[in-house]
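Here's the structure we're looking at; comments come further down.
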Number of protein chains: 2
Amino acid sequence: MPVLESTPQSAAVTCCGLAATPVTEDDAARLAPMFKALGDPVRLRMASMIAARPEVCVCEITPAFDLSSGTISHHLKTLREAGLVDSERRGTYVYYWINPEAIGALSALLAVE
Amino acid sequence: MPVLESTPQSAAVTCCGLAATPVTEDDAARLAPMFKALGDPVRLRMASMIAARPEVCVCEITPAFDLSSGTISHHLKTLREAGLVDSERRGTYVYYWINPEAIGALSALLAVE
DNA sequence: AGGCTGATTCGACTTCCATCAAGACAGGAC
DNA sequence: GTCCTGTCTTGATGGAAGTCGAATCAGCCT
């Protein structure tokens, strides 16, 4: 191993929350699935659509993608299980909305300070 | 389709950059791979380690994980190909450092305003 | 009840991914 | 040059993920 140039805290402000505190194994296990859920172009756009309004009906999401309704449902489930969104059926339609705490947790990790 | 309750821009400040401007198909294709790269607990911790200092030697990363050196290399390559880190060999050792622009792009998307 | 529409789940298929072991490559020390 | 150490690449494999079509469930409406 080479000699370290010993710059421990100096970098804490150079980048972001990622650098501020080391991500523990537990943190990584909790946060990685959220990043993973956003790591698909379809789901990233879905999350964007949902975040853009207080709540969004699945019936508006479906026609925005060239995918079967089953696949749409699958992706929404992935976002929900990652904790990024929540949903509720009201009568005929199902509505999804963003979970600000989850977004906040990811944002805090990446935020440049 | 249900009647929309027409709340177009009002939500732009309720959440984050995700909501500020709709993520286009091209944006999604560019940004999703970065989220995907962070969507693995091992890589998230690696990114955190690398971000914590100006640059980090692979020889310091390897012993921090209970994985073969081949697997370590594979994950670092994934981070590099996603544009999140860069690397350089200097003599015997290879050093990795964070790419602040990439982190900034993700941060801007999630930042709560 | 019966039928209709919206949404989810299921089964199957294909592709991608994390991992290891083993080999290849790079660079220093001798 | 020949070793040795550090890193990367390759090949193989088991498992996860994205997709579709079909079946199923939920809730209106007549």
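First the proteins, then the strands, lettered A, B, ... as listed; each starts at 1. When reading the values below, keep in mind they use all heavy atoms of this one structure, side chains included, and skip hydrogens, waters and symmetry mates.
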Practice task
Please tell me which of B:Thr71 and A:Gly70 maps to the more 5' nucleotide of DNA chain D, matching each residue to the nucleotide holding its nearest heavy atom.
Solution key: B:Thr71
Practice task
Between C:dT9, D:dT7, D:dG18, spot the one nearest the side chain of A:Asp40, thanks.
Solution key: D:dG18
Problem - Interatomic distance, B:Glu88 CD vs D:dG6 C1' [rounded to whole Å] - result: 16 Å
Completion exercise
Only one of A:Pro54, A:Ser87, A:Cys57 passes side-chain contact (heavy atoms from CB on, under 4.5 Å) with A:Tyr95, and that residue is A:Cys57
Exercise for the section: Using whole Å, report how far CG of B:Leu44 lies from P of C:dA18. Expected result: 13 Å
Problem - Presence of salt bridge, B:Arg53 and B:Glu55, under 4.0 angstrom - result: no
Problem - Candidates D:dC28, D:dG6, C:dT8 - which lies nearest the side chain of A:Val94 - result: C:dT8
Fill in the blank from the handout: On DNA chain D, more 5' by nearest nucleotide between A:Ser69 and A:Val42 is A:Val42
Exercise for the section: Taking only the side-chain nitrogens and oxygens of A:Arg89, find out if one of them lies under 4.0 Å from OP1 or OP2 of D:dC25. Expected result: no
Problem - Length of the line joining B:His74:NE2 and C:dC20:P, which is rounded to integer Å - result: 11 Å
Practice task
Measure from the side-chain heavy atoms of B:Lys77 and tell me the nearest of D:dA26, D:dC8, D:dT9.
Solution key: D:dT9
Exercise for the section: Check each of A:Leu84, A:Asn99, A:Ile61 against A:Ile50 using the side-chain contact (heavy atoms from CB on, under 4.5 Å) test, and report the only one that passes. Expected result: A:Ile61
Practice task
Give a yes/no answer on whether the side chain of B:Lys36 brings an N or O atom under 4.0 Å of OP1 or OP2 in C:dC17.
Solution key: yes
Exercise for the section: State plainly whether the residues A:Glu25 and A:Arg30 are in salt-bridge range, i.e. N to O under 4.0 Å. Expected result: no
Problem - Nearest-nucleotide pick for A:Tyr96, side chain only, options being C:dG6, C:dC17, C:dT8 - result: C:dT8
Practice task
Among the candidates C:dT19, D:dA16, D:dT7, find the nucleotide nearest to the side-chain atoms of B:Tyr93.
Solution key: D:dT7
Exercise for the section: Among D:dT9, C:dG28, C:dA7, find the nucleotide with the atom closest to the side chain of B:Ser73. Expected result: D:dT9
Fill in the blank from the handout: Side-chain contact check for B:Cys57: nearest option of C:dA18, C:dT8, D:dT7 is D:dT7
Problem - Spacing between A:Arg43 atom CZ and D:dA17 atom C1', to the nearest angstrom - result: 8 Å
Practice task
Could you check how far CD1 of A:Ile72 sits from P of C:dA7, rounded to whole Å?
Solution key: 11 Å
Fill in the blank from the handout: Among D:dT19, D:dC28, C:dG28, the one nearest any side-chain atom of A:His75 is D:dT19
Fill in the blank from the handout: Among the nucleotides D:dC20, D:dT7, D:dG18, whichever has the atom closest to the side chain of A:Leu67 is D:dC20
Problem - Side-chain heavy-atom pair B:Asp86, B:Tyr96 within 4.5 angstrom cut-off - result: no
